[in-house]
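Reading through the structure tokens given below for one structure.
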Amino acid sequence: MLTVPHALTGAAIGALVKDATVAPLIAFSVGWASHYVLDTIPHWERLYRPHDEIKFDTDQSARDWPKHIFVQAVLDVLIATGLIMWIYQSRTEVGSVMLWGAVGAVLPDLLDNVPFWNRTLRRLPFFSQEQKFHDSIHINEETQRQVPKILGLLTQVAVVVISLFIIFAA
Ligand SMILES: [Zn+2]
């Protein structure tokens with residue numbers, strides 16, 4: 001899934017657990033877990049085309065990434081960062097809990113899909129298990145092909161809308 005829906009889900013989790021003791025830790029952990037749950041549902045990895053139409057793997061070194069994918073990845077991360085900063089400032093009283101939720105929610109992709117360090121981390125204990133788990137739980141291409149293509153876009157729009165609603169209502 002894109003970074004924007006992952007990050008907003010984490011922030012929404014932060015909003016929901018804001019009153020708990022050790023709320024930042026809970027937001028971070030549940031946010032982290034939310035990443036794997038969202039990756040099991042159909043989703044496009046890129047907004048302009050379904051995943052299976054682009055032959056590419058994040059294990060390739062950055063200079064081998066197709067330019068349009070690299071550009072979208074950077075934009076996705078910048079937009080997610082901007083949104084989280086905006087939320088942080090609009091809801092200052094719970095902003096830091098939401099921030100911890102968002103960091104947890106994007107962490108698996110930060111560890112496993114950033115070409116500058118993902119292949120190095122893969123060789124280390126814990127990170128290698130985490131990457132295997134992330135890969136294994138992520139919905140596979142075959143399953144994505146069996147559902148209507150548009151679903152991959154709709155799921156992410158739904159996640160964004162629901163998360164924003166929770167962030168500003170909770
Ligand atoms: Zn992921």
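Applying the side-chain contact (heavy atoms from CB on, under 4.5 Å) test between T9 and each of V30, V159, V37 identifies V159 as the sole match.
Side-chain contact between N140 and T143: present, with at least one pair of heavy atoms (C-beta onward) separated by less than 4.5 Å. The shortest distance between side-chain heavy atoms of L121 and Q131 falls below 4.5 Å. Within the 4.5 Å cutoff, the side chain of L110 has no heavy atoms near those of the V103 side chain. Annotation: side chain of R122 is in contact with side chain of D59 (closest heavy-atom distance under 4.5 Å). Contact of the F127 side chain with the T120 side chain is not registered, since no non-hydrogen atoms from C-beta on lie closer than 4.5 Å.
The distance from atom OG1 of T155 to atom CE of M1, rounded to the nearest 0.5 Å, is 4.5 Å. Annotation: the span from L25 atom CG to W100 atom CH2 amounts to 9.0 Å, rounded to 0.5 Å. How far CE of M98 is from CG of L16: 9.0 Å, rounded to the nearest 0.5 Å. Between I26 atom CD1 and K18 atom NZ the span is 13.0 Å, to the nearest 0.5 Å. Atom NZ of K132 is separated from atom CG of D112 by 11.5 Å, given to the nearest 0.5 angstrom.
In this structure, L154 is not a member of the same hydrophobic cluster as I162, with clusters built from ILVMFWY side-chain heavy atoms closer than 4.5 Å. Cluster membership for V94 and F28, using ILVMFWY side-chain heavy atoms within less than 4.5 angstrom, is not shared. Two different hydrophobic clusters hold F133 and L38 under the rule that ILVMFWY side chains link at heavy-atom gaps under 4.5 Å. Neither I13 nor L99 shares a network with the other; the hydrophobic side chains, linked directly or stepwise wherever heavy atoms of I, L, V, M, F, W or Y lie under 4.5 Å apart, form separate groups for each. Put simply, V4 and W32 are part of two different groups of oily side chains (I, L, V, M, F, W, Y) that touch within less than 4.5 Å, one to the next.
Side-chain atoms of H35 come within 3.5 Å of backbone atoms of A105 as a donor-acceptor pair (strictly under, hydrogens ignored). Using a distance-only test at 3.5 Å, with no hydrogens or angles considered, no donor-acceptor pair links the side chain of Q144 to the main chain of I139. When atom types are taken as modelled, the side chain of H68 and the backbone of P66 share no donor-acceptor pair closer than 3.5 angstrom. Under a 3.5 Å cut-off, the side chain of W44 and the backbone N or O of L2 do not form any donor-acceptor pair. For the pair Q129 (side chain) and P125 (backbone), a donor-acceptor distance under 3.5 Å is absent.
The residues R91 and E93 are annotated as salt-bridged, a charged nitrogen and a carboxylate oxygen being separated by less than 4.0 angstrom.
Between I166 and A12, the closest heavy-atom pair is CG2-O, 3.7 Å. The two residues N113 and H134 make their nearest non-hydrogen contact at ND2-CE1, 4.1 Å. When every heavy atom of G14 is checked against every heavy atom of A27, the shortest pair comes out as CA-CB, 3.9 Å. Across all their heavy atoms, P115 and S61 have their closest contact at CB-C, 4.3 Å. The two residues Y36 and E130 come nearest to each other via the heavy atoms OH-OE2, 2.6 Å. Contact between T3 and D76 at its shortest, heavy atoms only, is N-OD2, 2.6 Å.
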**Message:** The test is side chain to side chain contact (heavy atoms under 4.5 Å, CB included); show your working for D109 and T58 and say whether it passes.
**Reply:** CA-CA 10 Å; D109 279 344; T58 57; over 6 Å; no
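Not counting sequence neighbours, D57 has no partner by the side-chain hydrogen bond (donor to acceptor under 3.5 Å, both in side chains) test. A search for salt bridge (Lys or Arg N to Asp or Glu O under 4.0 Å) contacts involving R119 returns nothing, not counting sequence neighbours.
F165 CZ: 12 or fewer foreign heavy atoms inside a 6.0 Å radius.
Aromatic ring pairs are classed by plane angle as parallel below 30°, tilted from 30° to 60° and perpendicular above 60°; the pair F168 and W86 is tilted.
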